[in-house]
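Numbers for residues simply follow the sequence, beginning at 1. What's counted below: heavy atoms across the whole structure, side chains too, no hydrogens, waters or symmetry copies.
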Amino acid sequence: MFNAVARSAVRASALRAVRPAAMTAVRFNSGAHAHETESFEQFNARYQTFFSSVGDLFELQRGLNNCFAYDLVPSPEVIEAALKAARKVNDYATAVRILEGLKVKVENKGQYQAYLDELAPTLKELGVVSKEELYGQ
């Protein structure tokens with residue numbers, strides 16, 4: 001038994017000797033990305049242009065993921081362009097999910113309702129019904 005304890009102690013000391021020194025991660029921020037310093041208006045213009053030129057569902061969903069990843073709520077014009085893009089690629093489910101994503105992004109129900117009120121003509125034109133209207137909530 002003493003031999004087993006001695007061998008494990010020797011192995012442990014050998015492992016300590018081989019172990020590399022602690023490494024620290026360093027992240028350099030060069031500010032090389034053009035979008036890091038853009039204003040809210042530039043953000044909205046960029047995504048309105050993007051959603052206006054969407055050609056397929058994958059591109060639309062990629063754009064939505066990128067757009068909703070920011071720590072801000074897109075303007076109604078951006079949401080409108082995204083809804084039109086969803087109907088352009090003939091994906092009704094994504095159009096409804098855009099509204100669901102918007103509901104999560106806003107701070108309260110009043111803001112969400114304000115968006116729905118402003119987008120009402122577009123929603124009616126595209127035939128998109130919010131989840132609340134669909135289920136009568």
Side-chain angles (χ1 to χ4, degrees):
M1 178 152 152
F2 179 73
N3 287 339
V5 171
R7 277 187 297 220
S8 66
V10 170
R11 277 192 220 129
S13 65
L15 286 175
R16 273 187 245 124
V18 175
R19 205 178 278 164
M23 297 183 66
T24 58
V26 177
R27 181 173 180 219
F28 296 101
N29 188 1
S30 64
H33 299 287
H35 308 307
E36 289 179 1
T37 59
E38 73 182 353
S39 68
F40 183 67
E41 291 76 21
Q42 292 168 327
F43 171 86
N44 288 325
R46 177 166 57 100
Y47 277 102
Q48 277 182 287
T49 304
F50 176 83
F51 288 127
S52 298
S53 65
V54 162
D56 63 1
L57 180 59
F58 175 79
E59 192 176 3
L60 171 62
Q61 290 175 342
R62 181 178 60 87
L64 287 169
N65 284 334
N66 292 337
C67 181
F68 278 89
Y70 287 89
D71 190 25
L72 54 85
V73 182
S75 70
E77 293 80 17
V78 172
I79 301 298
E80 181 179 341
L83 290 167
K84 287 181 179 180
R87 296 303 281 156
K88 179 177 148 184
V89 298
N90 198 24
D91 191 19
Y92 184 82
T94 298
V96 174
R97 287 187 183 101
I98 291 169
L99 296 176
E100 290 178 26
L102 179 64
K103 185 177 183 179
V104 171
K105 290 293 282 187
V106 296
E107 291 182 8
N108 55 49
K109 290 180 182 179
Q111 287 178 342
Y112 178 63
Q113 190 58 49
Y115 268 88
L116 289 180
D117 293 343
E118 189 163 341
L119 293 168
T122 303
L123 294 172
K124 184 173 179 159
E125 172 192 337
L126 299 174
V128 176
V129 180
S130 70
K131 189 176 173 183
E132 293 78 19
E133 290 177 293
L134 192 62
Y135 293 117
Q137 297 173 348

Min side-chain heavy-atom separation Gln111-Lys105 under 4.5 Å | no

Check whether any side-chain heavy atom of Tyr92 sits under 4.5 Å from a side-chain heavy atom of Val129, and report yes or no.
-> yes

Hey, are Asp117 and Gln113 close enough side-chain-wise for a donor-acceptor pair under 3.5 Å?
-> yes

Using a 4.5 Å cut-off on heavy atoms from C-beta on, say whether the side chain of Thr94 contacts that of Leu64.
-> yes

Distance (rounded to the nearest 0.5 Å) between Phe51 CZ and Glu59 CD = 10.0 Å

Heavy-atom check, side chain of Leu102 versus side chain of Val106, under 4.5 Å = yes

Side-chain touch Asn65/Arg62, heavy atoms, less than 4.5 angstrom | no

Closest heavy-atom pair and its distance - Val78, Cys67 = CG1-SG, 4.0 Å

Are more than 12 heavy atoms from other residues, nucleotides or ligands located less than 6.0 Å from atom CZ of Arg87?
-> yes

Would you name the heavy atoms of Ala95 and Val128 that are closest together and state the gap between them?
-> CB-CG2, 3.9 Å

Just how far is it from atom CD1 of Ile79 to atom CG of Leu83, taken to the nearest 0.5 Å?
-> 7.0 Å

What is the minimum heavy-atom distance between Lys84 and Thr122, and which atoms define it?
-> CE-CG2, 4.2 Å

For Asp91 and Gln61, which heavy atoms make the closest approach, and how far apart are they?
-> OD2-NE2, 4.1 Å

Of the non-hydrogen atoms in Glu38 and Gln42, which two are nearest, and what is the gap between them?
-> CA-OE1, 3.0 Å

Spell out, yes or no, whether Leu134 and Leu116 are grouped together once hydrophobic residues are joined by side-chain heavy atoms under 4.5 Å, including indirect joins.
-> yes

Atom CG of Asn90: over 12 foreign heavy atoms under 6.0 Å = no

Could you tell me whether the side chain of Tyr115 reaches within less than 4.5 Å of the side chain of Val73, counting heavy atoms only?
-> yes

Looking at Leu126, Leu123, Leu119, which one forms a side chain to side chain contact (heavy atoms under 4.5 Å, CB included) with Glu80?
-> Leu119

To the nearest 0.5 angstrom, please state how far the CD atom of Glu132 sits from the OH atom of Tyr112.
-> 3.5 Å

Please tell me if the side chains of Lys131 and Leu99 come closer than 4.5 Å, counting only heavy atoms from C-beta onward.
-> no

Taken to the nearest 0.5 Å, the spacing of Lys103 NZ from Glu100 CD works out to 8.5 Å

Which atom pair, heavy atoms only, marks the closest approach of Ile98 to Ala82?
-> CD1-O, 3.5 Å

Would you give the length of the straight line joining atom CZ of Phe40 to atom OG of Ser75, rounded to the nearest 0.5 angstrom?
-> 5.5 Å

